[in-house]
Amino acid sequence: MLNPDNTFTATVLGLPRIGPNRELKRATEAYWAGRLDAAGLHEVARELRTAQLTQVRNAGLDSVPVGTFSYYDQVLDTAVLLGALPERVLGISDELDRYFAAARGNAEVTPLEMTKWFDTNYHYLVPELAAETEFSLHPEKPLAELEEALALGVPARPVIVGPITFLKLAKSVDGSNLLDRLPDLLPLYEQLLGLLADAGAKWVQIDEPSLVTDLSETELAVVHTAYRRLAELSARPAILVASYFGRLGAALPVLAETGIEGIAVDLVAGGDADVVAARSITDKLIVAGVVDGHNIWRVDPDHALPRLTDLRDAGVTVAVSSSCSLLHVPYSLKPETDLEPRLRSWLAFGNEKLAEIVLLATALHRGEEAVAGGLDIARTAVLDRKADRRLHVQAVRDRLAELDADAIRRAPADERRVLQQERLHLPLLPTTTIGSYPQTSRIRVARAELRKGEIDQAEYDARMRAEIAEVVALQEEIGLDVLVHGEPERNDMVQYFAEQLDGFAATVNGWVQSYGTRCVRPPIVYGDVVRPAVMTVEWITYAQSLTAKPVKGMLTGPVTILAWSFIRDDQPLADTARQIALAIRDETVDLEAAGIGIIQVDEPALRELLPLRKADQAAYLEWAVDAFRLSTSGVADATQIHTHLCYSEFGEVIGAIAGLDADVTSIEAARSHMEVLDDLNAAGFDLGVGPGVYDIHSPRVPGAEEIEQSLALALKAVPAERLWVNPDCGLKTRRTDEVTASLRNLVAAAQSLR
């Protein structure tokens with residue numbers, strides 16, 4: 001039962017860890033490069049945690065999550081906690097190097113697979129489990145971080161990934177039902193709870209985001225059994241089970257029937273259903289996620305406060321929280337002095353969300369008059385945003401309204417294939433890359449000098465043309481069949497386009513973690529989207545002028561631009577996607593008019609936005625596919641359309657991948673050993689496909705024989721006439737020497753099989 005003396009009023013469900021200026025990224029990469037030792041890396045991490053915990057405590061939160069720090073990924077950390085690393089890394093004696101080998105591999109060891117964390121752009125490492133996997137507890141990290149926080153006077157609440165979510169997110173390497181392993185895991189969680197209680201934890205947060213997905217009656221019974229058992233422990237902290245990214249639905253009353261003390265519910269993504277259900281849960285702490293942890297808009301107090309007071313007035317003990325971890329938003333608005341002041345007033349990044357939570361908690365527990373000034377500022381900003389004319393551009397809305405069904409249709413694929421081969425004259429098993437090449441120090445220096453005003457735009461453009469010429473020459477020398485320009489002028493595949501489209505804004509320091517040390521700056525979609533001018537034609541046509549081989553035009557698709565931006569919450573996603581698609585369509589038409597015969601429109605985020613509940617998925621897939629086809633159906637049938645997808649579990653969207661009707665689809669397959677091809681075949685996929693044979697998220701250089709073996713597997717599922725040979729993804733994050741060696745092996749393997 002809930003102890004009234006052991007509750008709290010204001011919290012967040014998790015915190016970012018890369019550092020406000022990406023300090024952890026730089027330190028980790030310095031460690032990998034041998035420029036920093038382990039002690040130096042640990043010291044950087046300790047300083048970041050200390051500064052963050054102190055700041056959060058001083059912001060006024062009376063319960064602070066600890067243990068959400070990670071050198072790479074929280075699911076990988078849980079695998080370490082539970083002794084569930086794959087056997088192939090266990091021979092590495094150094095603990096930190098063993099951890100990073102599991103995350104990114106090394107010259108001898110392949111890493112764990114990586115995929116999207118629910119419907120976010122964060123990637124987690126997929127644990128590999130089997131019926132015979134032996135679990136063992138290794139609690140050093142959570143205990144050390146709890147001790148560290150308590151020494152700072154922080155009201156610390158350790159956070160761990162729950163057993164249900166860990167098992168549901170893991171990969172069964174032997175086909176066994178991993179939930180059957182729950183009885184083997186629960187004793188470790190019981191032991192850990194006891195250790196955390198002994199170390200001074202009053203509460204522990206157990207993250208179970210899998211509970212917002214569709215669960216069978218059997219799975220709900222497993223949830224009930226697990227948390228009833230953990231709640232029955234005599235010596236433990238109070239347990240807060242946290243869910244996020246959707247509504248708990250049937251899992252909420254199941255949790256309510258156990259003896260846990262708290263339940264965190266996402267009232268942003270989950271909507272009103274959980275508010276109604278939670279009104280009857282008066283014997284637990286309900287941690288109400290009313291401040292959006294997944295987006296950057298200022299909270300509307302007239303939407304959030306009625307939900308909070310409704311729960312309170314029903315007799316519920318309520319704490320105000322973020323809807324999910326703040327891992328998914330930038331640290332602070334403070335550095336964003338270049339943002340238009342009006343737009344800036346509509347926003348709340350991580351630090352501002354802390355203030356919003358405290359504001360709402362104070363209004364809830366002490367009355368609105370106690371914070372009347374803060375509430376007035378918030379209300380004024382919300383009203384000002386609604387009144388801005390840029391949110392409704394009639395010209396783009398009229399264009400979309402005039403489009404008919406023919407706007408998303410091309411001729412049948414077999415007819416297009418003949419016309420395209422007559423134009424392109426490609427060999428069997430054509431080789432290509434996905435788009436980007438390594439971002440050299442020369443590129444970074446030029447970009448910095450342009451930003452500082454040390455060189456002008458003409459000089460910057462000249463340097464980028466030199467980079468393009470070098471990349472084209474390298475591809476010619478290696479022997480690739482279809483070339484790319486390498487994208488040196490692009491800081492990011494989404495931000496680059498956002499900076500050229502009306503309705504978007506870019507940040508200076510709005511970094512969030514995508515995976516490991518990979519950070520992105522999602523642009524902000526605040527208004528209707530319009531393309532005022534061409535965006536890529538000059539760069540692509542320059543590259544094409546340097547070679548007789550085809551050079552792909554490289555664009556980012558509408559769903560991916562949507563998914564990798566902070567998006568409008570004032571209109572349906574489908575409406576924004578169609579506006580972006582129209583802009584990309586205009587660009588494809590201009591590329592074709594400039595003589596470009598192959599255009600790639602990347603959609604790696606197609607799976608990412610898939611709703612977590614099956615009942616919501618069909619409508620999403622319909623508009624997502626239509627948006628892609630709108631963006632690619634303005635060109636002639638002799639123009640070959642490619643798309644690219646990576647690092648997601650694609651089984652749930654295989655039909656949609658076929659529905660995109662791209663002439664060639666390149667897709668991640670190196671870590672999963674071509675598994676996706678069987679799914680594609682089962683869906684009747686009969687278009688060109690390039691399953692990745694080179695894992696670009698690892699420093700490993702695959703040998704020609706290894707690549708040839710992967711292609712041999714692929715040829716069992718795909719006829720040679722439809723098979724392309726390419727890496728898993730773009731090469732931006734790799735070193736030039738790694739890329740050159742790997743691509744030479746890739747070309748050699750393709751030539752051998754020809």
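- For S752 (side chain) and A748 (main-chain N/O), no donor-acceptor pair under 3.5 Å exists by modelled atom type.
- Under the 4.0 Å criterion applied to side-chain N and carboxylate O atoms, K116 and E608 are assigned as salt-bridge partners.
- Listed for the S514 side chain is no donor-acceptor partner under 3.5 Å among the backbone atoms of Y122.
- R700 contributes atom CZ, which lies 9.0 Å from atom CD of E108 (distance to the nearest 0.5 angstrom).
- One N or O on the side chain of Q475 and one on the backbone of V471 form a donor-acceptor pair closer than 3.5 Å.
- Taking CG of L715 as the start and CG of L429 as the end, the distance is 6.0 Å to the nearest 0.5 Å.
- Using cut-offs of 30° and 60° on the angle between ring planes, the pair W32 and Y72 is tilted.
- For the pair K549/E476, a side-chain contact is recorded, criterion being any heavy-atom separation below 4.5 Å from C-beta on.
- Relative to the ring axis of W539, R490 does not place its NZ or CZ within 45° and under 6.0 Å from the centre.
- Taking the side chain as every heavy atom from C-beta outward, L743 and V747 never approach each other to under 4.5 Å.
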Worked verdict on D119 versus L609 for side chain to side chain contact (heavy atoms under 4.5 Å, CB included) = CA-CA 5 Å; D119 57 353; L609 285 183; 5.7 Å; no
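- With contacts defined as side-chain heavy-atom distances shorter than 4.5 Å, the pair V126/L112 does not qualify.
- Judged purely by atom type and a 3.5 angstrom limit, R722 has no side-chain atom pairing as donor or acceptor with the backbone of V689.
- Between I92 and N106, the closest side-chain pair of non-hydrogen atoms falls below 4.5 Å.
- Partner Y694 forms a side-chain contact (heavy atoms from CB on, under 4.5 Å) with one of I434, L731, V725 and no other, that one being L731.
- The nearest pair of heavy atoms linking P558 to I580 is CA-CG2, 3.7 Å.
- Across all non-hydrogen atoms, the minimal contact from V551 to I596 is O-CG2, 3.6 Å.
- E603 and T643 share no donor-acceptor pair across their side chains, judged by distance under 3.5 Å alone.
- Between K452 and E449 there is no salt bridge, since no side-chain nitrogen of the basic residue lies less than 4.0 Å from a carboxylate oxygen of the acidic one.
- The main-chain N or O of L450 is never found under 3.5 Å from a side-chain atom of E454 such that the two would form a donor-acceptor pair.
- Between the side chain of E467 and the main chain of A462, no donor-acceptor pair closer than 3.5 Å is present.
- A donor-acceptor contact closer than 3.5 angstrom is absent between the side chains of T78 and Y124.
- Across all their heavy atoms, E23 and V44 have their closest contact at O-CG1, 4.1 Å.
- We find the CG-CD distance between L426 and E721 to be 13.5 Å, quoted to the nearest 0.5 Å.
- Taking the six-membered ring where tryptophan is involved, the planes of Y31 and F100 are tilted, since the angle between them lies from 30° to 60°.
- With a 4.5 Å cut-off on side-chain heavy atoms, T556 and W564 do not count as touching.
- Remark: the S172 side chain and the D174 side chain contain an N/O donor-acceptor pair separated by less than 3.5 Å.
- A salt bridge between D695 and R104 is absent, with no side-chain N of the basic residue lying under 4.0 Å from a carboxylate O of the acidic one.
- The distance between the ring centers of Y71 and H42 falls below 6.0 angstrom.
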Candidate pair R607 and L645, rule side chain to side chain contact (heavy atoms under 4.5 Å, CB included), full reasoning | CA-CA 9 Å; R607 165 64 180 81; L645 302 98; over 6 Å; no
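- Under the 3.5 Å distance criterion, the side-chain polar atoms of R629 are matched with a main-chain donor or acceptor of G659.
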Stepwise side-chain hydrogen bond (donor to acceptor under 3.5 Å, both in side chains) check, R734 with Q439 | CA-CA 8 Å; R734 299 265 54 89; Q439 292 272 304; over 6 Å; no
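- D73 has its side chain out of reach of M114: every pair of non-hydrogen atoms, C-beta onward, lies at least 4.5 Å apart.
- Side-chain polar atoms of R17 and Q513 form a donor-acceptor pair below 3.5 angstrom.
- With 3.5 Å as the limit, one finds a donor-acceptor pair spanning the side chains of H642 and Q640.
- To the nearest 0.5 Å, the span separating CD1 on I561 from CG on D602 amounts to 10.0 Å.
- L591 CG to I598 CD1: the interatomic distance, rounded to the nearest 0.5 Å, is 12.5 Å.
- Taking a cutoff of 4.0 Å between a charged side-chain nitrogen and a carboxylate oxygen, D492 and R518 qualify as a salt bridge.
- Under a 4.0 Å N-O distance rule, the pair D661/R416 qualifies as a salt bridge.
- With salt bridges taken as basic N to acidic carboxylate O contacts below 4.0 Å, one links R442 and E470.
- Checking side-chain atoms of S631 against main-chain N and O of F628 turns up a donor-acceptor pair under 3.5 Å.
- Between the side chain of K732 and the backbone N or O of G435 there is no donor-acceptor pair closer than 3.5 Å.
- Between L327 and V512 the shortest heavy-atom distance is O-CB, 4.2 Å.
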Determine, stepwise, if the pair M464 / Y460 fulfils side chain to side chain contact (heavy atoms under 4.5 Å, CB included).
-> CA-CA 6 Å; M464 294 304 103; Y460 175 79; 3.7 Å; yes
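- Classification of E477 and R744 as a salt-bridged pair holds, one side-chain N sitting under 4.0 Å from a carboxylate O.
- Residues S436 and M493 have side chains not in contact (no heavy-atom distance under 4.5 Å, counting atoms from C-beta outward).
- Counting only N and O atoms by type, the side chains of D481 and T431 include a donor and acceptor under 3.5 Å apart.
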Could you walk me through whether T432 and N726 pass the side-chain hydrogen bond (donor to acceptor under 3.5 Å, both in side chains) test, one step at a time?
-> CA-CA 5 Å; T432 190; N726 48 258; over 6 Å; no
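- In this structure, a donor-acceptor pair under 3.5 Å is present between the side chains of K552 and Q600.
- In the displayed structure, E705 atom CD is contacted under 6.0 Å by at most 12 heavy atoms of other residues, nucleotides or ligands.
- One distance of note links CD of E668 with CD1 of I696; it measures 10.0 Å at 0.5 Å rounding.
- The two residues L96 and A38 make their nearest non-hydrogen contact at CD2-CB, 4.1 Å.
- In summary, D461 and R447 do not engage in a salt bridge, as defined by a charged side-chain N under 4.0 Å from a carboxylate O.
- Scanning both residues, C519 and W511, for their nearest heavy atoms gives O-CZ3, 3.6 Å.
- A salt bridge is absent between R22 and E29: the closest approach of a Lys/Arg side-chain nitrogen to an acidic carboxylate oxygen does not fall below 4.0 angstrom.
- Side-chain atoms of R88 come within 3.5 Å of backbone N or O of P111 as a donor-acceptor pair.
- The existence of a salt bridge linking R463 and E489 is excluded, since no basic side-chain nitrogen approaches an acidic carboxylate oxygen closer than 4.0 Å.
- Using a 4.5 Å heavy-atom threshold, the side chains of L746 and P727 count as touching.
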Could you give me the CA-CA distance, side-chain angles and deciding distance for T433 and Y437, then say whether side chain to side chain contact (heavy atoms under 4.5 Å, CB included) is met?
-> CA-CA 9 Å; T433 58; Y437 270 66; 3.3 Å; yes
